[in-house]
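Down below is the structure, laid out as structure tokens.
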Amino acid sequence: MLGGYGHISSIDISGSKKFLQRFLRVSDGPHKVDSSYALDCGAGIGRITKRLLLPLFKKVDMVDVTDEFLSKAKSYLGEDGKRIGNFYCSGLQEFSPEPNRYDVIWIQWVIGHLTDSHLVEFLKRCKAGLRPNGIIVIKDNMATEGAIMDDVDSSICRDMDVVCRLIRQAGLSILAQERQENFPDEIYHVYSFAMR
């Protein structure tokens, strides 16, 4: 799902791991995140689950709107697939994470398929799905200004101000944000946001 930029997958995973580990490694302070259970939202066949979340968490759930992707994930994940708790086939606009279940809810390259109101409501439900000290991470493309509609896949790319406003509307506070380094210049800037 990297739109012809499959070669950036390792760079993406490395940047995500570095961003996430700042919360996993903190001593027992207010930002310490446990590594028991993660949720991969818009998981597809499980690229993020396999290369980022399963190496860091004991158990991972996956949610994607396409059943065929989730079926492929079972073979793609191989032996590590035994640590998948649930494969949820659902759009995020309807999905409700189980309350108080997840240490990390990872949402990458999928918020563009949600309207502003769907995103706010989904983030509110994610907040309820967090365990104590859990975090939600959004990693996505950011427009330079406003919002840009993609006619090819009917998605929207929002700028950082819009995304931050929607996060606040969901009752969440941003703990950290970071631009992904070493991506090609011709693609959108990609940012990660950690919140709770």
Side-chain angles (χ1 to χ4, degrees), residues 1-5 9 12 16 20 37-54 57 59-77 81 83-131 134-143 147-160 162-172 188 190-196:
M1 300 306 151
L2 295 175
Y5 287 91
S9 181
D12 169 54
S16 296
L20 188 54
Y37 219 133
L39 172 65
D40 186 356
C41 299
I45 66 164
R47 182 182 72 89
I48 297 295
T49 295
K50 182 174 186 162
R51 299 194 54 213
L52 175 69
L53 299 176
L54 282 172
F57 294 88
K59 204 162 196 163
V60 178
D61 286 348
M62 298 173 65
V63 59
D64 196 273
V65 71
T66 307
D67 190 45
E68 181 183 345
F69 290 161
L70 293 173
S71 293
K72 287 181 179 176
K74 292 171 185 171
S75 61
Y76 173 72
L77 294 171
R83 293 191 292 121
I84 301 297
N86 296 286
F87 293 90
Y88 296 110
C89 186
S90 175
L92 299 183
Q93 62 271 35
E94 294 105 22
F95 184 73
S96 290
E98 186 177 316
N100 195 36
R101 183 178 188 117
Y102 300 105
D103 299 300
V104 169
I105 297 177
W106 191 271
I107 307 165
Q108 182 165 343
W109 282 326
V110 71
I111 65 169
H113 296 286
L114 299 173
T115 65
D116 288 359
S117 60
H118 283 154
L119 177 56
V120 169
E121 293 306 312
F122 175 61
L123 289 174
K124 287 178 181 177
R125 293 190 304 274
C126 286
K127 184 178 180 179
L130 293 177
R131 294 180 63 217
I135 59 170
I136 299 164
V137 176
I138 290 176
K139 185 170 185 179
D140 220 306
N141 299 335
M142 295 294 136
I148 300 168
M149 192 69 187
D150 185 330
D151 295 329
V152 175
D153 69 359
S154 300
S155 68
I156 187 167
C157 183
R158 302 168 178 96
D159 71 22
M160 286 185 57
V162 173
V163 172
C164 289
R165 179 177 47 81
L166 297 174
I167 289 168
R168 286 190 305 272
Q169 282 180 11
L172 294 159
Y188 286 113
V190 174
Y191 278 83
S192 298
F193 301 87
M195 66 205 81
R196 68 163 61 108

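Hydrogens, waters and symmetry mates are skipped; everything else that's a heavy atom, side chains included, is used.
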Exercise. Any side-chain heavy atom of F69 within less than 4.5 Å of one from C89?
Worked result: no

Exercise. Under 30°, 30 to 60°, or over 60°: which ring-plane class applies to Y102 and Y37, parallel, tilted or perpendicular?
Worked result: perpendicular

Problem set entry | Student check: side-chain heavy atoms of V137 and I105 closer than 4.5 Å | no

Exercise. What residues form a side-chain contact (heavy atoms from CB on, under 4.5 Å) with D153, not counting sequence neighbours?
Worked result: H113, D150, S155

Problem set entry | Flag side-chain contact, heavy atom, 4.5 Å: L39 against V60 | no

For this session: Look up atom CZ in R165 and atom CG in D159, then write down how far apart they are to the nearest 0.5 Å.
Result: 9.0 Å

Problem set entry | Rounded distance (nearest 0.5 Å) linking atom CZ of R196 with atom NZ of K127 | 11.0 Å

Exercise. Under a 4.5 Å cut-off applied to non-hydrogen side-chain atoms, are V65 and F95 in contact?
Worked result: no

Exercise. Closest heavy-atom contact between A73 and G44?
Worked result: CB-O, 4.3 Å

For this session: Decide, yes or no, whether a salt bridge links K72 with E68 under the criterion of side-chain N to carboxylate O below 4.0 Å.
Result: yes

For this session: Determine whether I107 and K139 make a side-chain contact, defined as any pair of heavy atoms from C-beta on separated by less than 4.5 Å.
Result: no

Exercise. In Å, rounded to the nearest 0.5 Å, how long is the span from OG1 of T49 to CZ of R83?
Worked result: 10.5 Å

Exercise. Would D12 and Q108 satisfy side-chain hydrogen bond (donor to acceptor under 3.5 Å, both in side chains), going step by step from the backbone distance to the final call?
Worked result: CA-CA 11 Å; D12 169 54; Q108 182 165 343; 3.0 Å; yes

For this session: Determine, stepwise, if the pair V163 / M142 fulfils side-chain contact (heavy atoms from CB on, under 4.5 Å).
Result: CA-CA 8 Å; V163 172; M142 295 294 136; 3.8 Å; yes

Problem set entry | Contacts of type side-chain contact (heavy atoms from CB on, under 4.5 Å), residue S71, not counting sequence neighbours | D67

For this session: Provide the closest heavy-atom pair for R47 versus S9 in the form atom of the first, atom of the second, distance.
Result: NH1-OG, 2.9 Å

Exercise. Would a distance-only check, ignoring hydrogens and angles, find a side-chain to backbone donor-acceptor pair under 3.5 Å from R125 to L92?
Worked result: yes

Seminar exercise, completed: Hits for ring pair (Phe, Tyr, Trp, His ring centres under 6.0 Å) against Y191, two or more places apart or cross-chain, chain-then-number order -> none

For this session: Report yes if some heavy atom in the side chain of S96 is under 4.5 Å from a heavy atom in the side chain of F122; otherwise report no.
Result: no

Problem set entry | Closest heavy-atom pair and its distance - Y88, L70 | O-CD1, 3.2 Å

For this session: Please name the pair of heavy atoms, one in V120 and one in A170, separated by the smallest distance, quoted to 0.1 Å.
Result: O-CB, 3.7 Å

Exercise. So, do L54 and L77 sit near enough that their side-chain heavy atoms are less than 4.5 Å apart?
Worked result: yes

Exercise. Distance from L114 atom CG to C41 atom SG, nearest 0.5 Å?
Worked result: 10.0 Å

Seminar exercise, completed: Nearest heavy-atom approach of A143 to C157 is N-SG, 3.3 Å

Exercise. Atom OG of S117 and atom CG of L166: how far apart are they, to the nearest 0.5 Å?
Worked result: 9.5 Å

Exercise. Between D61 and F87, is a side-chain contact (heavy atoms from CB on, under 4.5 Å) present by the stated rule, with each step listed?
Worked result: CA-CA 6 Å; D61 286 348; F87 293 90; over 6 Å; no

Exercise. For V110, does its backbone N or O pair with a side-chain atom of D140 as donor and acceptor, under 3.5 Å?
Worked result: yes

Exercise. Using 4.0 Å as the upper bound for N to carboxylate O, is an ion pair formed by R158 and D116?
Worked result: yes

Problem set entry | For G129 against P97, the heavy-atom pair lying closest together | CA-CB, 4.2 Å

Exercise. If you measure from CG on N141 to CD1 on I156, what distance do you get to the nearest 0.5 Å?
Worked result: 12.5 Å

Exercise. Below 4.5 Å, heavy atoms only, C-beta onward: do I135 and M195 meet side chain to side chain?
Worked result: no

